Amino acid sequence: MLQINYIREYREEAITKLAKRGFDAKATFEDIVAKDDLRKETQNKLDDILAQSNQIAKEIGAYFKNGEKEKAEEAKAKTVTLKQQSKTLSEKLNQVSDDLQELLIHIPNVPNDNVPNGKTPEDNEVVKEEGDIPKLHSEALPHWELAAKYDLIDFELGTKISGAGFPVYKGKGARLQRALINFFLDRNTEAGYLEVQPPHLVNEASGFGTGQLPDKEGQMYHVTGDNLYLIPTAEVPVTNIFRDVIVKSEEFPIKYTAYTPCFRREAGSYGKDVRGLNRLHQFDKVEIVQLQKPSDSYQTLDEMVEHVTELLKDLELPFRILKLCGGDMSFTSALTYDMEVYSAAQKRWLEVSSISNFESYQANRLKLRYKDENKNNVLCHTLNGSALALPRIVASILENHQDEKGIRIPKILVPYTGFEYIN
RNA sequence: GGAGAGAUGGCAGAGUGGUCGAAUGCGGUGGUCUUGAAAACCAUUGUACAGCAAUGUACCGGGGGUUCGAAUCCCUCUCUCUCCGCCA
């Protein structure tokens with residue numbers, strides 16, 4: 001959520017920047033400023049009435065104490081109008097504040113200046129491409145066939161138990177998953193991230209804090225009996241650790257990592273996008289989250305990209321880094337890098353990480369602040385990224401590392417899997 | 001699931017209708033003392049909105065009500081704890 005003072009101060013600039021993501025903010029901003037003016041005006045009037053009421057109440061107290069009953073009754077009479085006025089004004093204030101909030105939460109984050117122009121994924125900017133795309137032998141298979149051939153993943157079994165998009169990992173397939181989780185967590189903690197295990201179901205306030213609610217309600221599984229949501233990413237519970245918190249500036253950078261399953265309804269997806277491991281309703285992901293001082297957050301973003309880059313290199317996967325264009329960025333992000341691995345049998349790039357700086361957008365919803373040098377409370381910047389999402393990594397390992405004998409496990413993972421080959 | 005108790009500032013914990021944004025203790029910050037530290041002593045120490053400021057207003061789990069006046073009384077919701085039951 002943007003800060004009202006930011007909108008007031010940088011209105012034209014913000015309109016221009018938001019246009020980059022195809023959002024026309026002009027009319028909304030006008031409404032917002034007008035509503036905010038009205039809010040201030042109403043608040044001032046109300047404060048004035050309340051001040052008068054408080055004054056009279058004090059006087060009445062004093063009269064009673066001195067036994068001056070008539071005077072007290074006289075004063076009481078004066079409060080009748082004030083009471084009526086304060087009631088009307090506070091109702092109006094509530095209404096105006098609600099309206100204002102409603103307008104504010106539907107404005108996406110302002111893109112950073114470095115965000116490329118564009119509307120669709122084709123407009124994303126490739127900033128780096130690394131690793132060799134393997135030349136597969138003639139019998140090479142896509143990962144869903146490899147998974148069946150070596151009995152690593154049973155999609156039909158998952159469908160029986162739950163439905164499409166809920167695979168069952170078996171044997172070396174399950175072991176590979178566990179190896180990846182441990183590898184990622186080890187590397188993240190070595191890089192200074194604190195490992196946490198957060199809840200997998202969150203309440204409404206948490207969903208609101210990171211921006212999933214109210215707009216993306218349909219993306220999450222909703223447990224209506226208890227009004228809880230299954231997390232679509234560990235970003236939600238981990239970032240919400242800091243909801244309503246004022247951190248000390250010397251605590252920066254605050255770095256957390258968590259492994260969680262992620263649950264996504266993915267309504268409307270179809271075709272090759274959902275084949276095999278490409279898009280699932282439940283998948284595993286290790287997430288990294290950082291809180292930073294505004295002045296340092298972009299340096300932190302670069303560091304996070306670098307960290308994930310190292311993971312991909314160590315997994316011996318060809319990958320590329322995209323800087324997302326305005327039209328392809330998520331609602332809450334100011335700048336996002338996507339990391340994609342190449343899946344050689346499918347001949348497609350698969351997104352395995354999305355690393356974003358939300359600047360103060362989430363922090364404003366979360367009321368997450370820090371005390372600066374002048375002891376003012378200032379909104380933090382929040383960042384997060386996948387390090388990494390498992391299924392597409394698995395898909396890419398299976399496809400890229402297949403040969404006539406089977407599937408070779410990347411060297412770095414062998415200590416975790418306990419085997420070098422799947423065959 | 002049944003019965004009961006409770007929710008107050010960073011923490012602990014007073015406060016049952018007026019002078020309470022809230023005693024006291026701990027913690028934090030600044031200072032005095034000290035070669036330095038500890039101890040002791042003194043001072044200070046919540047958040048938000050409006051305002052250049054003085055200051056005003058709001059906040060004692062959330063929402064509503066009674067009253068001239070609510071942390072305090074009433075209603076309601078949420079959460080926590082204790083005991084019993086069940087159970088990984």
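Keep in mind that this is a model prediction, so the values were computed, not measured. Numbers restart at 1 for each chain; the letters A, B, ... are given by sequence-line order, proteins then strands.
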Using atom [atom1] of each nucleotide, how far apart are [N] and [M] to the nearest Å?
N      : M      : atom1 : answer
B/rC77 : B/rC26 : C1'   : 34 Å
B/rA22 : B/rC59 : P     : 14 Å
B/rG17 : B/rG13 : P     : 23 Å

Is it true that the side chains of A/Thr233 and A/Lys285 contain a donor and an acceptor less than 3.5 Å apart? yes

Checking all strands, does A/Lys371 fall into the base, sugar-phosphate, or nothing category for heavy-atom contacts under 4.0 angstrom?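 Result for A/Lys371 = sugar-phosphate.
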
Does the protein touch nucleotides 50-57 of chain B at the base, only the backbone, or not at all? Give it as B, S and - per nucleotide, heavy atoms under 4.0 Å. S-----BS

Output the rounded distance in Å from CD1 (A/Ile246) to P (B/rG28).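 Distance check: A/Ile246 CD1 to B/rG28 P gives 19 Å.
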
A/Glu68 CD - B/rC68 C1' separation (whole Å): 16 Å

Pair A/Asp284, A/Tyr259 - check side chain to side chain donor-acceptor pair (under 3.5 Å), show working. CA-CA 7 Å; A/Asp284 293 303; A/Tyr259 153 70; 2.6 Å; yes

Any pair counted as salt bridge (charged side-chain N to carboxylate O under 4.0 Å, His left out), so long as it reaches residues 182-207 of chain A, sequence neighbours left out: A/Arg187-A/Asp314

Not counting sequence neighbours, list each pair that qualifies as a salt bridge (charged side-chain N to carboxylate O under 4.0 Å, His left out) and has a residue in residues 353-380 of chain A. none

Considering every strand shown, what is the Watson-Crick or G-U wobble mate of [N] when both distances are under 3.5 Å?
N      : value
B/rA7  : B/rU78
B/rA40 : B/rU32
B/rU16 : none

For the ring pair A/His381 and A/Tyr298, is the centre-to-centre distance below 6.0 Å?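 Aromatic pair excluded; centres sit 6.0 Å or further apart.
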
Relative to the ring of A/Tyr221, is the ring of A/Phe166 parallel (under 30°), tilted (30 to 60°) or perpendicular (over 60°)?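 If you compare the ring of A/Phe166 with that of A/Tyr221, the planes turn out tilted.
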
